[in-house]
Protein chains: 2
Amino acid sequence: MLRGDITAAIRNAVMNELAEVGYGRLSIEAVARRAGVGKTAVYRRWSNKLEMVLEIVSGVAERSVPMPDTGSFASDLQLLMFVVSKALQHRIASQIIPDLMAEAARNPQIAETLQRALRTHQLTVGEQIVGQAVKRGELPAGADPELAVDLMVGPLYWRLAVSRTPIGDDYVETLAAAVMAALRGSPPAH
Amino acid sequence: MLRGDITAAIRNAVMNELAEVGYGRLSIEAVARRAGVGKTAVYRRWSNKLEMVLEIVSGVAERSVPMPDTGSFASDLQLLMFVVSKALQHRIASQIIPDLMAEAARNPQIAETLQRALRTHQLTVGEQIVGQAVKRGELPAGADPELAVDLMVGPLYWRLAVSRTPIGDDYVETLAAAVMAALRGSPPAH
DNA sequence: CGACGACGTGACGGTTGCGTTTCGACGTTC
DNA sequence: GAACGTCGAAACGCAACCGTCACGTCGTCG
């Protein structure tokens, strides 16, 4: 019964408003104003700010990281890091993600949602490609998927979402090579 | 003329308030309330929220990362990462830093302050220890200090401040070894 | 055609914070 | 002991936003 175009306008307004002012200062009034709709239309769909943001953001976030299976660990790694780097260079995403991450540190509901939408999936992907790599003999048997994820995502996140220094054309490639070396050369965990 | 104990109480209140509600929702009223102080006392010292937060935070942040010179790159690296990991596991810091980082993405003044207080110093340290390592022959000649910093700080930041998964006793050690391998094994930049 | 429901508008009372001002109390300084 | 400046408390007018409600419009379904 709710009109789809209006819902879409609100979703869009929420994302932009989140990017501009952040979760802490996001107000329903501003969202409605920006979407060109009445507050009523918003409250008819979600009962408060938290619920609204969580539903909208997790909807967007879930279609994110792919599960690569290119046949070699090196290219799995490169593909994965390339996708992540693209995502983190998206204007809106690079504003919203750090903001929600910070907010998650003090709001368990946000934390749980992001956990489910991002981190869990990442870890699954990490286990998958590391597992395959070990099977193929490309990595030593004790290779730790959790460490692998930290090494893959950490530098990209730091550089693109936190430090925000622009990267060169071959930065991702260089970084992927470095991660490769780290995982191959590091002793098995424990 | 301003009473020092009151200034200290306000500084303390700002840090705690920042950790609890974040910059976006931080209000001067709440700071004064928490410090047990009149709003007048706050406005007598700083003229608005931004100025107050910047002055206080950068004061705290500047005495942060040391310049290690242990004689070997491996132990420089380990020391540095240990210090960073300790800092990022501090309850207050691990709440405030991601919050301000996110805020920096939309407020140039915050960005510039953090840049000066953290990133620039980090890069200097990075250049220093990588430079020494190259001189000693521990790293190939083309080793890139910027990449090194991303590899050192990124995973720690991601794991401790973003993902917030607890780390084991030897995690930092393992990570340092991985970074070591990455820097030694990676091709020279360009 | 008539009922229904979602729509935008605008207003509601209540809360919170802004930055400023006034007040009386207290402690220094001279 | 008088003058000064900081202190906390409280109030100021103003603005934003909360969540709700009443209204009139419009499109759709039956």
Quiz item: NZ of B:K49 versus C1' of C:dT16: gap in Å, rounded?
Solution: 13 Å
Exercise. Let me see the working for B:T7 and B:R45 under side chain to side chain donor-acceptor pair (under 3.5 Å), right down to the final yes or no.
Key: CA-CA 8 Å; B:T7 307; B:R45 288 166 173 76; 2.7 Å; yes
Quiz item: Base, backbone or nothing for each nucleotide of nucleotides 7-16 of chain D, written B, S, -, heavy atoms under 4.0 angstrom, 5' to 3'?
Solution: BSB-B-----
Practice problem: Take the protein atom CG of A:L50 and the nucleotide atom C1' of D:dC17, then report the distance between them rounded to whole Å. | Solution: 17 Å
Practice problem: Tell me, yes or no, whether the heavy-atom count around A:Q109 atom CD, taken from other residues, nucleotides or ligands under 6.0 Å, exceeds 12. | Solution: no
Quiz item: Listed by chain and number, what are the ring-ring contact (aromatic ring centres under 6.0 Å, His included) partners of A:Y157, not counting sequence neighbours?
Solution: B:W158
Exercise. Take atom OH of A:Y43 and atom C1' of C:dA11, then tell me their distance rounded to the nearest Å.
Key: 15 Å
Quiz item: Looking at residues at least two apart in the chain, or sitting in another chain, which of them share a side-chain contact (heavy atoms from CB on, under 4.5 Å) with A:E146?
Solution: A:R119, A:L123, A:D144, B:R159, B:T165
Exercise. Nearest whole angstrom, please: distance from the C1' of C:dC26 to the CG of B:D5.
Key: 13 Å
Practice problem: State yes or no: do B:L79 and B:V149 share one hydrophobic cluster built from I, L, V, M, F, W and Y residues joined by side-chain heavy-atom distances below 4.5 Å, directly or via other members? | Solution: no
Quiz item: In whole angstroms, how far is the C1' atom of D:dC17 from the CE atom of A:M52?
Solution: 13 Å
Quiz prompt | Derivation and outcome, side chain to side chain contact (heavy atoms under 4.5 Å, CB included), residues B:L2 and B:I6 | solution = CA-CA 8 Å; B:L2 299 173; B:I6 298 213; over 6 Å; no
